Engineer: 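Please see the structure below; I have some questions.
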Amino acid sequence: MKAVGYRKSLPIEDQDALFDFETAKPEPKGRDIRVAVKAISANPVDYKVRKRSAPPEGETKILGYDAAGVVEAVGPDVTLFKPGDEVFYAGSILRQGTNAEFHLVDERIVGNRPKSLSFAQAAALPLTSITAWELLFDRLGAVPGKSIDPRTLLITGGAGGVGSILIQLARRLTGLTVVATATRPESRKWCLDLGAHAVIDHGKPMKEQIEKLKLPPVALVASLTFTDQHYKSIAEFMAPQGRFGLIDDPPEFTMSTFKGKAISVHWESMFTRSSFQTPDMIAQHHLLNDVADLIDKGVLRTTLDQTFGTINAANLKRAHALLESGKSRGKIVLEGW
C-alpha cells in the first residue's frame, strides 16, 4: 500500500521531512478494523510528533490521526462495524497513522460517517470534535441543554481546528455566553459565523476588552494555544471558583497563579482513552456518532477550510508548513491517492 512517513525529525523544508513510500497492508486482529482511507486532515499534533519523536533507527513512522474511509476488513472480536461501513475517527498516537491507503484502528474509537458530508468534509472533524467535546463537557463541566447558563466561556484561539468546533458546541448545545479570541479580521469573521457572541483580540490586553463587553462572568476558559503567553492575564479577570482548561504544551505554566481564586485547572488530551485503554474508551465511539447525528440534523457544520489535493508527501508538507506558521483557519484536508 501507499503511505507517507518519515525516519528523522527534520525541518519541514527538508526533502526527507516527509516522503512517499510503500509498505505491507496491515492485518486486523482483536477489535481492530482495517479502513480504506479516503480522506485525512492535518492537525498540529502531526507536526509536533514529527519534530519531537523520531522513530527507531531503520523504521519509518506514518503520521496522521484524522481519517474518513470505508471498512475493508475486521478483526475476530469486532461487533460494531462490518466491511462496507463508512466511518470517521481520530486514531491512536501509539500506532501507525492514517497517512496510508489502509489503516488499523480499534473500533471503540470509531464513529459512523455523517451521511450528509463527503469523506473530505467528514475527515476534518474527528480529532477536533473529540477534543472540544471532552474539554467542554468532561473537563470544564459545561451542562448540555439550552437552559440559560449565567456564565461566559472564553475560547483563546477560536479560529483554529478545536476552537472552530468548540464555538459551535458551546453555542448550539449550552446556554453559555461564548467569547472567542482572534487577531486577524478573517479569523474574527470566521468565529462570529460559527456562533461566537463576541470576539476579542488576544494580541491586545484582554481584561479591558472583556470588561467593555459587560457579559456574564468568565467562569470557564478553554486555552487552546499559546497558554504560556495568556494564562496570567486571564487569571486576573476569571471568576472565582472557575475552571481553566488547556490542550497545548506551554513551556511555562505556574499552577499557583489560580490558587487565590480557587480556579481548577484541567488538561485535555483526546488520546488518553486509546493510549491507556480506559474502561470508558467506547465513549469516543458514542461521541462521534452524536457528532455525526448533530451534523446530519444541521446543528453543527464541518470546519473544513482548505483542501490541499491528494494524499502525498508534497501536499502534506504544505499542510505541516501552514500549521507550523500558526496562520491556519479551520481544518486542512487531503483526499484520495
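Small disclaimer: the values here were computed from a predicted structure and weren't measured.
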Engineer: If I compare all heavy atoms of T98 with all of V37, which pair ends up nearest, and what's the gap?
Structural biologist: O-CG1, 3.8 Å
Engineer: Can you confirm whether L154 sits close enough to L220 that some side-chain heavy atom of one is under 4.5 Å from a side-chain heavy atom of the other?
Structural biologist: no
Engineer: Carefully, step by step, assess S9 and K51 under the rule side-chain contact (heavy atoms from CB on, under 4.5 Å).
Structural biologist: CA-CA 5 Å; S9 295; K51 291 169 79 169; 5.5 Å; no
Engineer: Please answer whether the main-chain N or O of V179 pairs with a side-chain N or O of H197 as donor and acceptor at a distance below 3.5 Å.
Structural biologist: no
Engineer: Do R139 and E134 have side-chain heavy atoms sitting under 4.5 Å apart?
Structural biologist: yes
Engineer: Once you round to the nearest 0.5 Å, how far does CG of L300 lie from CD1 of I167?
Structural biologist: 12.5 Å
Engineer: May I ask you to check whether Y231 and F244 place their ring centers less than 6.0 Å from one another?
Structural biologist: no
Engineer: Using the rule side-chain contact (heavy atoms from CB on, under 4.5 Å), only one of R31, H286, R273, Q284 pairs with R108; which is it?
Structural biologist: R31
Engineer: Are F88 and F102 connected, step by step, through hydrophobic side chains (Ile, Leu, Val, Met, Phe, Trp, Tyr) whose heavy atoms are closer than 4.5 Å?
Structural biologist: no
Engineer: Please find the pair of heavy atoms, one from A142 and one from T174, that lie closest to each other, and give the distance.
Structural biologist: CB-CG2, 4.4 Å
Engineer: Enter the distance from L194:CG to K189:NZ here, rounded to the nearest 0.5 Å.
Structural biologist: 10.0 Å
Engineer: Assess whether atom CD of E186 is packed by more than 12 heavy atoms of other residues, nucleotides or ligands within 6.0 Å.
Structural biologist: yes
Engineer: Are L166 and L246 in one and the same hydrophobic cluster, where Ile, Leu, Val, Met, Phe, Trp and Tyr link if side-chain heavy atoms are under 4.5 Å apart?
Structural biologist: no
Engineer: Does CD1 in I148 sit with more than 12 non-hydrogen atoms of other residues, nucleotides or ligands closer than 6.0 Å?
Structural biologist: no
Engineer: Over all heavy atoms of both residues, which pair between S328 and R184 is shortest? Give the atoms and the distance, please.
Structural biologist: O-NH2, 4.1 Å
Engineer: Can you name the closest pair of heavy atoms from A124 and T302 and give their distance?
Structural biologist: CB-OG1, 3.8 Å
Engineer: Are V218 and F258 co-members of a hydrophobic cluster defined by side-chain heavy atoms under 4.5 Å apart?
Structural biologist: yes
Engineer: Is it true that a side-chain atom of T307 and a backbone atom of L334 form a donor plus acceptor pair closer than 3.5 Å?
Structural biologist: no
Engineer: Starting from the C-alpha separation in whole Å, work towards a yes-or-no answer on ring-ring contact (aromatic ring centres under 6.0 Å, His included) for F308 and H320.
Structural biologist: CA-CA 11 Å; F308 272 23; H320 279 228; over 10 Å; no
Engineer: Distance-only, no hydrogens or angles: does the N43 side chain make a donor-acceptor pair with backbone N or O of V45 under 3.5 Å?
Structural biologist: no
Engineer: Are more than 12 heavy atoms from other residues, nucleotides or ligands located less than 6.0 Å from atom NZ of K25?
Structural biologist: yes
Engineer: Can you tell me how far the CG atom of D305 sits from the CZ atom of R329, to the nearest 0.5 Å?
Structural biologist: 4.5 Å
Engineer: Is it the case that the side chain of N99 and the backbone of L63 share a donor-acceptor pair, with hydrogens and angles ignored and the cut-off at 3.5 Å?
Structural biologist: yes
Engineer: With heavy-atom distances below 4.5 Å as the criterion, would you say the side chains of V49 and Y65 are in contact?
Structural biologist: yes
Engineer: Could you go through V105 and I33, starting from their C-alpha distance and side-chain angles, then the distance that decides it, and tell me whether this counts as side-chain contact (heavy atoms from CB on, under 4.5 Å)?
Structural biologist: CA-CA 6 Å; V105 61; I33 59 175; 3.6 Å; yes
Engineer: L294 vs R172, test: side-chain contact (heavy atoms from CB on, under 4.5 Å). Steps then yes/no.
Structural biologist: CA-CA 10 Å; L294 291 167; R172 307 281 184 269; over 6 Å; no
Engineer: Less than 4.0 Å between a side-chain N and a carboxylate O, is that true for D85 and K82?
Structural biologist: yes
Engineer: Quick check: is F237 connected to L176 through a chain of hydrophobic side chains (ILVMFWY, heavy atoms under 4.5 Å apart)?
Structural biologist: no
Engineer: Closest heavy-atom contact between L135 and G245?
Structural biologist: CD1-CA, 4.0 Å
Engineer: Would you say that more than 12 heavy atoms from the other residues, nucleotides or ligands in this model lie under 6.0 Å from the NZ of K48, or not?
Structural biologist: yes
Engineer: Do L136 and L173 land in one hydrophobic cluster if side-chain heavy atoms of ILVMFWY residues count as linked below 4.5 Å?
Structural biologist: yes
Engineer: Using modelled atom types only, decide if a donor and an acceptor are shared between the side chain of S275 and the backbone of T272 within a distance under 3.5 Å.
Structural biologist: no
Engineer: Test: side chain to side chain donor-acceptor pair (under 3.5 Å). Region: residues 205-214. Which pairs qualify, not counting sequence neighbours?
Structural biologist: none
Engineer: Atom CH2 of W337 and atom CD of E101: how far apart are they, to the nearest 0.5 Å?
Structural biologist: 6.0 Å
Engineer: Mind jotting down which residue pairs meet the side chain to side chain donor-acceptor pair (under 3.5 Å) criterion with at least one end in residues 291-300? Sequence neighbours excluded, please.
Structural biologist: S116-D296, D293-K297
Engineer: Say whether, by atom type as modelled, one donor and one acceptor occur between the side chain of S92 and the main chain of L94 under 3.5 angstrom.
Structural biologist: yes
Engineer: Flag the pair V162 / T128 as yes when at least one side-chain heavy-atom distance between them is below 4.5 Å, and no otherwise.
Structural biologist: yes
Engineer: When you measure from the side chain of S41 to the backbone of A123, do you find a donor-acceptor pair of N or O atoms at a distance under 3.5 Å?
Structural biologist: yes
Engineer: Should V35 and V110 be marked as a side-chain contact (heavy atoms from CB on, under 4.5 Å) after you check the CA-CA gap, both sets of side-chain angles, and the distance that decides it?
Structural biologist: CA-CA 10 Å; V35 177; V110 178; 5.9 Å; no
Engineer: Any side-chain to backbone donor/acceptor pair from D20 onto N312? Under 3.5 Å, distance only.
Structural biologist: no
Engineer: Is it true that a side-chain atom of R34 and a backbone atom of P28 form a donor plus acceptor pair closer than 3.5 Å?
Structural biologist: no
Engineer: Hey, does K317 have a side-chain heavy atom less than 4.5 Å from the side chain of E13?
Structural biologist: no
Engineer: Taking all non-hydrogen atoms of both residues, which atom of L287 and which atom of S129 are closest, and how far apart?
Structural biologist: CD2-O, 4.2 Å
Engineer: Contact between L316 and D46 at the side-chain level, heavy atoms closer than 4.5 Å - yes or no?
Structural biologist: no
Engineer: Using the six-membered ring of Y6, assess whether NZ or CZ of R50 lies under 6.0 Å from its centre and within 45 degrees of the ring axis.
Structural biologist: no
Engineer: Which value, rounded to the nearest 0.5 Å, describes the distance between K61 atom NZ and R7 atom CZ?
Structural biologist: 14.0 Å
Engineer: Should we count CZ of F226 as having more than 12 external heavy atoms under 6.0 Å?
Structural biologist: no
Engineer: Okay, side chain of T254, backbone of T257: is any donor-acceptor separation there less than 3.5 Å?
Structural biologist: no
Engineer: Side chains of E107 and V87, heavy atoms from C-beta outward: is any pair under 4.5 Å?
Structural biologist: no
Engineer: If I take atom CH2 from residue W133 and atom CD1 from residue I165, how far apart are they, to the nearest 0.5 angstrom?
Structural biologist: 9.5 Å
Engineer: Regarding K8 and D14, does a basic nitrogen lie under 4.0 Å from an acidic carboxylate oxygen?
Structural biologist: no
Engineer: State, with a plain yes or no, whether a side-chain heavy atom of T60 is found less than 4.5 Å away from one of T23.
Structural biologist: no
